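Given the structure is predicted, the values throughout are model-derived calculations rather than measurements. Atoms within each ligand, like the ligands themselves, are counted from 1 in listed order.
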Amino acid sequence: MKRILTGDRPTYDSFHLGNYIGSLKNRVKLQDEYETHVFIADLHALTTHFDKTAELEKNIKGLMLGYLSVGLDPKKVFFFLQSKVPEITELAYYLSVLTSRPLIARQPALKEKLDAREQDTVGLFYYPILMAADILAPRANLVPVGKDQKSHVEFARDIALKFNNLYGEVFPIPEPLIGEVPTLPGTDGQAKMGKSLGNAIFLTDSPGEVEKKVMSMYTDPKRIHSTDPGTVEGNPVFTYLDAFSVQSDKGKVQSLKEEYTKGQVGDIEVKKYLAQVLNNFLDPIRQRRDKLEKEPGLVERILKEGTEKVRIEAQKTLAEVKKAMKLDYF
Ligand code: ATP
Ligand code: MG
């Protein structure tokens, strides 16, 4: 069975609708087809959140509850905590000596962040190498990522090829599995909903909070009166409706779109309907989370068990790495 690897940075204690539609939903599907490894990237979180370490533990638990509440199954998935598999950081060091420094400096996904000066740390510069080690330590075959992260997986491929050529075949060459899901916009109309952008609807928001956020959502800025013809295309309210409505809502969504275009329905009515659709989607997720939250020690146990299993794999990889590099002296 092919092995996939994905992860999330614990920069907040909950996932948002964008994380769900862009990543979690697909993982729930993939867990039946692949041996799935999901890790919480606390070391990667440090690169931008080194001054918020006091929040990490809460965030890690929150993300674990998030995984379980959307339907990732600990019987199928290996959940692990990056910092508890020190073989990953050790492997990253061996990979770093094979890595061309100018090549990293040109990584597009990294360059933007490095250019923001206060973040220009050695740790952030090292990010692609650590990510290559995340992938190669459990010897993952496939890495589901958005288009923006593709270059990181390509970097991991290149370094694995270089290692294998130099020292012998240790690593399978990982492939990116590119999701074609478009990025979900923020409630403020920004192109991306983000955990740290203040424009997210979280899977843990209460029905009242969801309604409040939806009612203040950005729609068609050119539309002043509810009798003005409105634009559906690129209007976040309709983007969300398309993403989260179920089959039985589709007829209603279609007629709202037609009425909106003709100026026959007000923003308030459409938003009220959206809040209802989102709350219907979120209700079972919230209920599962409430239940899981009441089981003391549950997420810690799942994370501990998964981490132990993955660590054994990573130890095997590292032993092979050292043997191949002739570092297994004494
Ligand atoms: P942060 O603001 O801390 O960077 P984030 O919201 O961007 O957080 P990440 O942990 O960086 O979330 O990403 C987790 C996963 O969710 C990734 O696979 C990413 O591609 C996906 N994702 C994040 N935001 C969106 C979005 N708005 N639409 C679709 N997918 C998204
Ligand atoms: Mg992000």
Closer than 4.0 Å: a protein non-hydrogen atom to atom 22 (N) of ligand 1 | yes

Counting heavy atoms not belonging to E57, are there more than 12 under 6.0 Å from its CD?
-> no

Would you mind telling me if ligand 1 is within reach of the side chain of S23, the backbone, both or neither, using heavy atoms under 4.0 Å?
-> side chain

How close does the nearest protein non-hydrogen atom get to atom 14 (C) of ligand 1, and which residue and atom is it?
-> D8 OD1, 3.4 Å

Looking only at protein heavy atoms, which one is nearest to atom 31 (C) of ligand 1, and how far off is it?
-> G18 O, 3.4 Å

Heavy-atom contacts with G194 under 4.0 Å: which atoms of ligand 1 show up? List them by number with element.
-> 6 (O)

Given T6 and R27, is the side chain to side chain contact (heavy atoms under 4.5 Å, CB included) satisfied, shown in steps?
-> CA-CA 9 Å; T6 57; R27 291 188 210 174; 3.3 Å; yes

Taking every non-hydrogen atom, the tightest pair across P176 and V145 = CB-CG2, 4.2 Å

Just by modelled atom types, is the G62 backbone N or O under 3.5 Å from a matching donor or acceptor in the R289 side chain?
-> yes

Quick one: look up the protein heavy atom nearest atom 11 (O) of ligand 1 and list residue, atom name and how far away it is.
-> K195 NZ, 4.4 Å

Does any N/O atom on I21 come nearer than 3.5 Å to any N/O atom on ligand 1?
-> no

N59 side chain to R9 side chain, donor-acceptor N/O pair below 3.5 angstrom = no

Quick one: which of K2, R3, K76 gives a salt bridge (Lys or Arg N to Asp or Glu O under 4.0 Å) with E35?
-> R3

Provide the number and element of each atom of ligand 1 under 4.0 Å from a heavy atom of S196.
-> 1 (P), 2 (O), 3 (O)

May I ask you to check whether D134 and Q82 show a side-chain donor-acceptor distance below 3.5 Å?
-> yes

Using a 4.0 Å heavy-atom cut-off, say whether H16 meets ligand 1 through its side chain, its backbone, both or neither.
-> side chain

At a non-hydrogen distance cut-off of under 4.0 Å, which region of L184 contacts ligand 1 (side chain, backbone, both, or neither)?
-> both

Proximal ligand 1 atoms for T11, defined as those under 4.0 Å from one of its heavy atoms | 3 (O)

How far is atom 24 (N) of ligand 1 from its nearest protein heavy atom, and which residue and atom is that?
-> K192 NZ, 3.1 Å

Return yes if a side-chain donor-acceptor contact under 3.5 Å exists between Y260 and D267, otherwise no.
-> yes

Please state which protein non-hydrogen atom is closest to atom 20 (O) of ligand 1 and give its distance, to 0.1 Å?
-> G146 N, 4.7 Å

Any N or O of N19 that comes nearer than 3.5 Å to an N or O of ligand 1?
-> yes

For T183, take its heavy atoms, then give the atoms of ligand 1 lying under 4.0 Å from any of them.
-> 26 (C), 27 (N), 28 (N), 29 (C)

Starting at CE of M193, measure out to CD1 of I21 and round the result to the nearest 0.5 Å.
-> 10.5 Å

Considering heavy atoms of the protein only, find what lies nearest to atom 4 (O) of ligand 1 and give residue, atom and distance to 0.1 Å.
-> R9 NH2, 4.0 Å

Determine whether the side chains of Y67 and D8 contain a donor N or O and an acceptor N or O closer than 3.5 Å.
-> yes

T187-N199 side chain donor-acceptor pair, cut-off 3.5 Å = no

Heteroatom proximity flag, P182 to ligand 1, N/O under 3.5 Å = no

Under-4.0 Å protein heavy-atom contact, atom 29 (C) of ligand 1 | yes

